[in-house]
Amino acid sequence: MKIATYNVNSINARLPVVLRWLEESQPDVVCLQELKAIQENFPEAALLEAGYESVWHGQKSWNGVAILSRIGLPKETCRVLPGDPEDAHSRYIEAEINGILIGCLYLPNGNPAPGPKFDYKLSWMNRLLGHAQTLLRQGGPVILTGDFNIIPTEADVYRPERWVNDALFRPETRAIFSALEEQGWTDAIRQIYPGQTIYTYWDYFRNAFGRDAGMRIDHFLLSPAVVPKLRAAGVDRDVRGWVKTSDHAPVWIEVEV
DNA sequence: ATGGCTCCATACTGGAGA
């Protein structure tokens, strides 16, 4: 079972790229972030035609998350991260597919830090930590994936000294990622590639992709029940070089089922 | 410190992204 995550930076602006990538990469399950579309404007029919059934949670202008599957309709378990009834951002959707619970998340960027946006990021991360603990206690196979907007270590960004005060790399942010690992979650990309430089995002400016000035912020966290089933992982870097592409590349893992 | 690029919005500029 091949599971991918892809921050598309607008599903409608990106539809041709997404359809070409689905055809070439053949993932069974896909988590999308930054749909930037209201609920009614999600391209459900075009994705069905490509063989994928979807559940999604749209929002005007920003955010928005979706889970696609070609192995049966995702059984949605929730579409809001628990812990704050006032939070109107569409940043989390969760569904069960093939006996595995998949959480698709778009964690807040948090810049500038400090400030209200960073406070929101910290509060959202703490809610994630709480929900992650609940999921672990249930004991079943769970995969939390998406755009975490967290650079976990110095090895995960080009020129880390430039990012020390950034919301993606500040100690408070990295501490939450460490806390997730201490809870019992495994960073799948680092499990497969412990010492390699792996990036999943390159900004649109200054030929960042051409210079490989990137960062690793799209992650897969595996619950203990999934770790022994992990077979492979990768980043579809070539997609980042396509015309009218996202600033993120798709990331994927393969698990035995 | 800024800006470079791309997206969205009852748009012809400004906010957000990372």
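Keep in mind that the numbers below use all heavy atoms, side chains included, and drop hydrogens, waters and symmetry copies. So you know, we letter chains A, B, ... as the sequences are listed, proteins then strands, and number each from 1. All values reported here derive from a predicted model rather than from experimental measurement.
With no hydrogens or angles considered, no side-chain donor-acceptor pair links A:Thr5 and A:Asp218 at under 3.5 Å.
Within 6.0 Å of CD on A:Glu23 lie no more than 12 heavy atoms contributed by other residues, nucleotides or ligands. Counted within 6.0 Å of CD on A:Glu24, heavy atoms from surrounding residues, nucleotides or ligands total more than 12; the atom is thus considered enclosed.
Straight-line distance between the C1' atoms of B:dA11 and B:dA1: roughly 29 Å, to the nearest whole Å. B:dG14 and B:dG4 have their P atoms separated by 15 Å, with the value rounded to a whole Å. Comparing B:dT2 with B:dT6, their P atoms sit 22 Å apart, to the nearest whole Å. Here, B:dA16 and B:dT10 have their P atoms 14 Å apart, quoted to the whole Å.
Heavy atoms of A:Lys121 sit nowhere under 4.0 angstrom from any nucleic acid atom. Here A:Tyr106 lies in heavy-atom contact (under 4.0 Å) with sugar-phosphate atoms only. Residue A:Asp147 is classed as a sugar-phosphate contact, given heavy-atom separations below 4.0 Å to backbone atoms only. As judged by a 4.0 angstrom heavy-atom cut-off over every strand, A:Asn149 is placed among residues touching the sugar-phosphate backbone only. A:Asp218 comes within 4.0 angstrom of no nucleic acid atom, judged by non-hydrogen atoms across all strands.
Using a 4.5 Å heavy-atom cutoff, the side chains of A:Ser69 and A:Tyr52 are not in contact.
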Read 5' to 3' with Watson-Crick or G-U pairs under 3.5 Å, [ ] for crossing pairs and | for partners on another strand, DNA chain B gives ....(((((...))))).
Could you write out each protein N or O paired with an N or O of nucleotides 4-10 of chain B at a distance under 3.5 Å?
residue: B:dC5; atom: O4'; partner: A:Tyr204; partner atom: O; Å: 3.4
residue: B:dC7; atom: OP1; partner: A:Arg14; partner atom: NH1; Å: 3.4
residue: B:dC7; atom: OP1; partner: A:Lys244; partner atom: NZ; Å: 3.1
residue: B:dC7; atom: O3'; partner: A:Ser10; partner atom: OG; Å: 3.3
residue: B:dC8; atom: OP1; partner: A:Ser10; partner atom: OG; Å: 2.6
residue: B:dA9; atom: OP1; partner: A:Ser61; partner atom: N; Å: 3.3
residue: B:dT10; atom: OP2; partner: A:Lys60; partner atom: NZ; Å: 3.4

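Atom CG in A:Asp247 sits roughly 12 Å away from atom P in B:dG17 (whole-Å rounding). The distance from atom CZ of A:Arg91 to atom C1' of B:dG17 is 10 Å, rounded to the nearest whole Å.
With hydrogens and angles ignored, the 3.5 Å screen pairs a side-chain donor or acceptor of A:Arg127 with a backbone N or O of A:Leu81. For the pair A:His57 (side chain) and A:Arg79 (backbone), a donor-acceptor distance under 3.5 Å is present.
Because its NZ or CZ atom is not both nearer than 6.0 Å to the ring centre of A:Tyr201 and within 45° of the ring axis, A:Arg216 does not count as a cation-pi partner of that residue.
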Report the C-alpha separation of A:Trp21 and A:Trp242 in whole Å, then their side-chain angles, then the decisive distance to 0.1 Å, and conclude whether the side-chain contact (heavy atoms from CB on, under 4.5 Å) test is met. CA-CA 10 Å; A:Trp21 165 70; A:Trp242 293 356; 4.0 Å; yes
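For A:Glu181, the salt bridge (Lys or Arg N to Asp or Glu O under 4.0 Å) test picks out no residue, with sequence neighbours left out.
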